[in-house]
Visitor: 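I am attaching a structure below and will ask some questions about it afterwards.
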Amino acid sequence: MNEKINKLSIIKPDDWHIHLRENEVLNLVLPHTVKNFARCIAMPNLNKPIIDYSAAKKYSDLIIKKANSKNFRVFVPYYLNHNIDLKNFEIGIKQNYFFGAKLYPSNSTTNSKFGVNNLEKIYPALEILQENNSPLLIHAEKVDEKISIFDREKYFIDNELQEILKRFQNLKIVIEHISSEYGAQFVNDSSHPIASTVTLHHMLLTKKDVFNGDTNPHHYCMPVVKNEKDLIALRKFACSGNKKFFLGTDSAPHDLKYKEGTNNIKAGIYTSPIAIEMYTSIFEEENSLNNLETFSSINGANFYDLPLNSHKINIEKVNWINPDFTEDSKIKIKNFMGGQKIKWKVVSN
Ligand SMILES: [Zn+2]
């Protein structure tokens, strides 16, 4: 039945996990998010991580000003670290300057060197989150030289996450950018208040798209994309309408100089320009277009106890070529699937 659908109208989606960065990059990437998303959670791993509420307020005010759209909203989580000013943290949570808190295990991804390698240090902050029904957002990877890069999610879940769940039974948790069958199944089966965001690239790529032949820096992200069976499981859970899974692009722009011609390739894929369109293609391939709105515009809002957006967007089956780059005179960011034909297009909103 779905094969015949060539027009959709859905509640304007939210992007529950995105990197908007700062300065010129922010200016360049923000319009892509403002156009097709009503709200977003902007990650706090800036060059100077966001660890006090005045910085969170400053960052969200700046984004709103630049967005120049009265309907757009942005949420900024606190960046958990080993030296939390609990008083400032609690005020920030209670006054909604922070949208929960983000846990980066140290050195797991871009600007995570200030992150956490001793969970005990963040337990007082997790108490505050739990008391205030405020979410803990997790980059769920255990970084250890003895653990394969492909198994980091499993090890984090089996060790750190289990410990957190045991101590904080009512803490609302989101495993961000879930990347493995093991992780998605865990979220599905858990009786805790736990959910996951799912990126489009984890539903389109496997490790052969990154590591066969020369490493493809433009498909290199954290957590790394995995095997076919993982991709299939992520598609199954995301496209099923399961309320524990919702949209978070993890769109993560880097200037070309951090991706090409360097031995220190930064992790992250810039997907914002085609995000809604490619999620739509994936749901179409899975014969699940009827669940697209649930995944992109309803499940996340419900999990976070937020109202649904009142605006809608229209998506039509129209072929167009995605430009290779998002760029201005100073910055050049490779678009995911740049130069390729895209089969859906957001036509108005
Ligand atoms: Zn991220």
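Every number for a ligand or one of its atoms is a count from 1 in the order of the listing.
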Visitor: Taking 2.8 Å as the cut-off, does an N/O/S atom of Asp250 lie below it from the Zn ion (ligand 1)?
Guide: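 An N, O or S atom of Asp250 is closer than 2.8 Å to the Zn ion (ligand 1), so yes.
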
Visitor: Below 30° counts as parallel, above 60° as perpendicular, anything between as tilted: where do the rings of Phe211 and Phe150 land?
Guide: perpendicular

Visitor: Assess His19: does it contribute an N, O or S atom lying under 2.8 Å from the Zn ion (ligand 1)?
Guide: yes

Visitor: Ignoring hydrogens, what is the shortest heavy-atom contact between Asp324 and Gly339? Give both atom names and the distance.
Guide: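 What the structure gives for the nearest pair is OD1-N, 3.3 Å.
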
Visitor: Distance check below 2.8 Å: does His177 bring an N, O or S atom to the Zn ion (ligand 1)?
Guide: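 False for His177.
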
Visitor: Any idea which heavy atoms bring Leu234 and Met203 closest together, and the distance?
Guide: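 Heavy-atom minimum between the residues: O-SD, 3.9 Å.
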
Visitor: Would Lys334 count as a cation-pi partner of Phe325, with NZ or CZ less than 6.0 Å from the six-membered ring centre and within 45° of the ring normal?
Guide: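 Ring-cation test returns yes.
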
